[in-house]
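Both ligands and their constituent atoms are indexed starting at 1 by order of listing. All values below were derived from every heavy atom in this structure, side-chain atoms included, with hydrogens, water molecules and symmetry-related copies excluded.
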Amino acid sequence: MHDVTPAKAGVQTRLRKTCGLLLAFTALVFISAPLRAGEAQPIVIKFSHVAAPQAHKSRAAEHFKMLAERYTEGRVRIELYPNSQLYKDKEELEALQLGAVQMLAPSVSKFGPLGIRAFEVFDLPYIFAGYEELSKVTHGEIGRELLDRLKSKGLIGLAYWNNGFKILSAHSPLYGPDDVLGLKMRIQASKVIEAQMWALGALPQALAFSEAYQALSSGVVDGTENTPANMYNQNMYEVQKHATLTNHGYLGYAVISNDTFWSGLPADIRASLERAIAETTPVADRFALEENAAALEAMRQSGKTTFHEPTPAERAAWRAALLPVHDEMASRVGRDLIDRIYAATGHKVPAR
Ligand code: LMR
């Protein structure tokens, strides 16, 4: 999946050259034109992401832009690039590392391929029983430590923004794990999500978000998992006849920047941007919560997808099939990290 083909290598080389020039140009601007309000060119921050323009991630990014430009009194201009219009999932991380863009908000599931496997702990099925347990991690010591690990990849983690809890969907009804057996399921590029699909007897296919709809509509894959908001905003519900409200796993974002770029910003600008991010986080989480509920309702109304609420016995069967993934993936994400999350959330440790 992450092999570098000659075509990709060519793209990467071109990207590196472009970025080298960009970095040199940015350095020149900083050195030759000290910023004075109203005189110098604003610092441009390109914020790229893969979600649809109407999605809550876009609306959160717009809110951040509004606050950031206000607090920096125009000394910073935030340019938003939603919908994978600049880069797809993997490319956007490379572009950030190389300095071609300055901010992203990828799903934390996408940090594994970058080499920071600990983030895949968020992908463990049922690791969080709900938002309260989740926020003990994202707003606590563990969340901070995880963001700090991004530094080893030249990145800086600035905040967590929620999307929500995932549901399963397919062309056929999914009452229990047996119904997923042999289905090709689109997933994000996370080894924990891959193991989760294997545990169900499904065939995981890691595809970029921008490719998910096409893969589902053409039958390249039979089903997927995602939040209601993502399923709705990408029109996946139009090509998935059935969905089951499993809420079996979490999908959320880390707002990140290039560490060298961020630490090179004038201190007062950096402080203003961090204030804008901190004030956007609760707004982003509210947008996500509201949008997931509204998306589910809109998809139900459309009549294109039939939504199934699992019975208690069905829920128990999903859990029994998926919980072994915690132990199976412990050596990848860290046994200690998993245990610290159990302790922080007070979540009942799944039977080992
Ligand atoms: C996905 O690939 O399914 C999500 O990470 C997309 C997103 O950014 O919400």
Side-chain angles (χ1 to χ4, degrees), residues 1-2 47-62 64 80-93 95-96 101 103-114 116 119-123 125 134 138 157 159-170 184-194 196-197 202 204-217 220-221 223-237 239-240 243 246-256 284-285 287-292 294-296:
M1 171 182 47
H2 300 297
F47 188 153
S48 163
H49 66 87
V50 301
Q54 74 278 14
H56 57 89
K57 183 154 60 176
S58 289
R59 293 193 292 131
E62 279 158 20
F64 162 69
L80 302 175
Y81 297 95
N83 222 15
S84 308
Q85 65 181 264
L86 287 185
Y87 304 105
K88 295 199 258 185
D89 299 315
K90 185 168 173 280
E91 288 78 10
E92 70 172 11
L93 282 163
L96 183 66
V101 292
M103 283 183 81
L104 307 175
S107 147
V108 296
S109 314
K110 291 169 186 169
F111 293 138
L114 208 61
I116 319 206
F119 270 100
E120 291 178 355
V121 79
F122 285 99
D123 298 326
L134 168 77
T138 50
Y160 290 97
W161 288 355
N162 286 342
N163 184 325
F165 286 87
K166 296 178 288 188
I167 64 178
L168 284 166
S169 66
K184 284 175 277 160
M185 302 290 280
R186 180 268 162 176
I187 58 163
Q188 304 179 80
S190 151
K191 290 288 173 203
V192 169
I193 302 180
E194 195 176 303
Q196 171 203 273
M197 288 301 178
Q205 310 263 317
L207 292 172
F209 189 50
S210 55
E211 292 160 7
Y213 172 84
Q214 186 59 28
L216 288 166
S217 73
V220 166
V221 291
T224 191
E225 56 156 29
N226 222 311
T227 60
N230 277 354
M231 188 175 171
Y232 183 60
N233 284 324
Q234 296 296 315
N235 300 322
M236 295 188 220
Y237 70 104
V239 289
Q240 294 281 264
T246 43
N247 293 323
H248 60 279
Y250 170 72
L251 192 156
Y253 310 121
V255 181
I256 58 175
D285 289 352
F287 284 165
L289 201 62
E290 289 168 1
E291 195 176 302
N292 273 299
L296 192 55

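Protein heavy atom at the shortest distance from atom 5 (O) of ligand 1 is Gln188 OE1, 2.7 Å. With hydrogens left out, the protein atom closest to atom 2 (O) of ligand 1 is Lys110 NZ, 2.7 Å, a heavy atom. From the protein, the heavy atom lying nearest to atom 1 (C) of ligand 1 is Phe209 CD1, 3.3 Å. When hydrogens are left out, the protein atom nearest atom 7 (C) of ligand 1 is Tyr253 OH, 3.4 Å; that is the closest non-hydrogen contact.
In this structure, the side chains of Gln214 and Val239 stay at 4.5 Å or more apart for every pair of heavy atoms. Using a 4.5 Å heavy-atom threshold, the side chains of Gln188 and Ser107 count as touching. In this structure, the side chains of Lys90 and Lys110 stay at 4.5 Å or more apart for every pair of heavy atoms.
Between Asp89 and ligand 1, no N or O atom pair is found at a separation short of 3.5 Å.
With a 4.0 Å cut-off on non-hydrogen atoms, His49 does not touch ligand 1 at all. At a heavy-atom cutoff of 4.0 Å, ligand 1 is contacted by the side chain of Arg186 but not by its backbone. Neither the backbone nor the side chain of Thr227 comes within 4.0 Å of ligand 1, counting heavy atoms alone.
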Worksheet item: Does the side chain to side chain contact (heavy atoms under 4.5 Å, CB included) test come out yes or no for Lys184 and Val220, once each step is laid out?
Response: CA-CA 8 Å; Lys184 284 175 277 160; Val220 166; over 6 Å; no
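In this structure, Glu92 falls outside the shell of residues with a heavy atom less than 4.0 angstrom from ligand 1.
Against a heavy-atom cut-off of under 4.0 Å, Ser107 is close to the following atoms of ligand 1: 5 (O). Near Asn230, meaning under 4.0 Å from one of its heavy atoms, ligand 1 places the atoms 4 (C), 6 (C), 7 (C), 9 (O). Less than 4.0 angstrom separates some heavy atom of Lys57 from each of these atoms of ligand 1: 7 (C), 8 (O).
Counted within 6.0 Å of CZ on Phe111, heavy atoms from surrounding residues, nucleotides or ligands total more than 12; the atom is thus considered enclosed.
Between Arg59 and Glu62, none of the side-chain N atoms (NZ, or NE/NH1/NH2) sits under 4.0 Å from a carboxylate O, so this pair counts as no salt bridge.
Taking the six-membered ring where tryptophan is involved, the planes of Phe119 and Phe122 are essentially parallel, since the angle between them stays under 30° and well short of 60°.
A donor-acceptor pair under 3.5 Å is formed between the side chain of Gln85 and the backbone N or O of Pro82.
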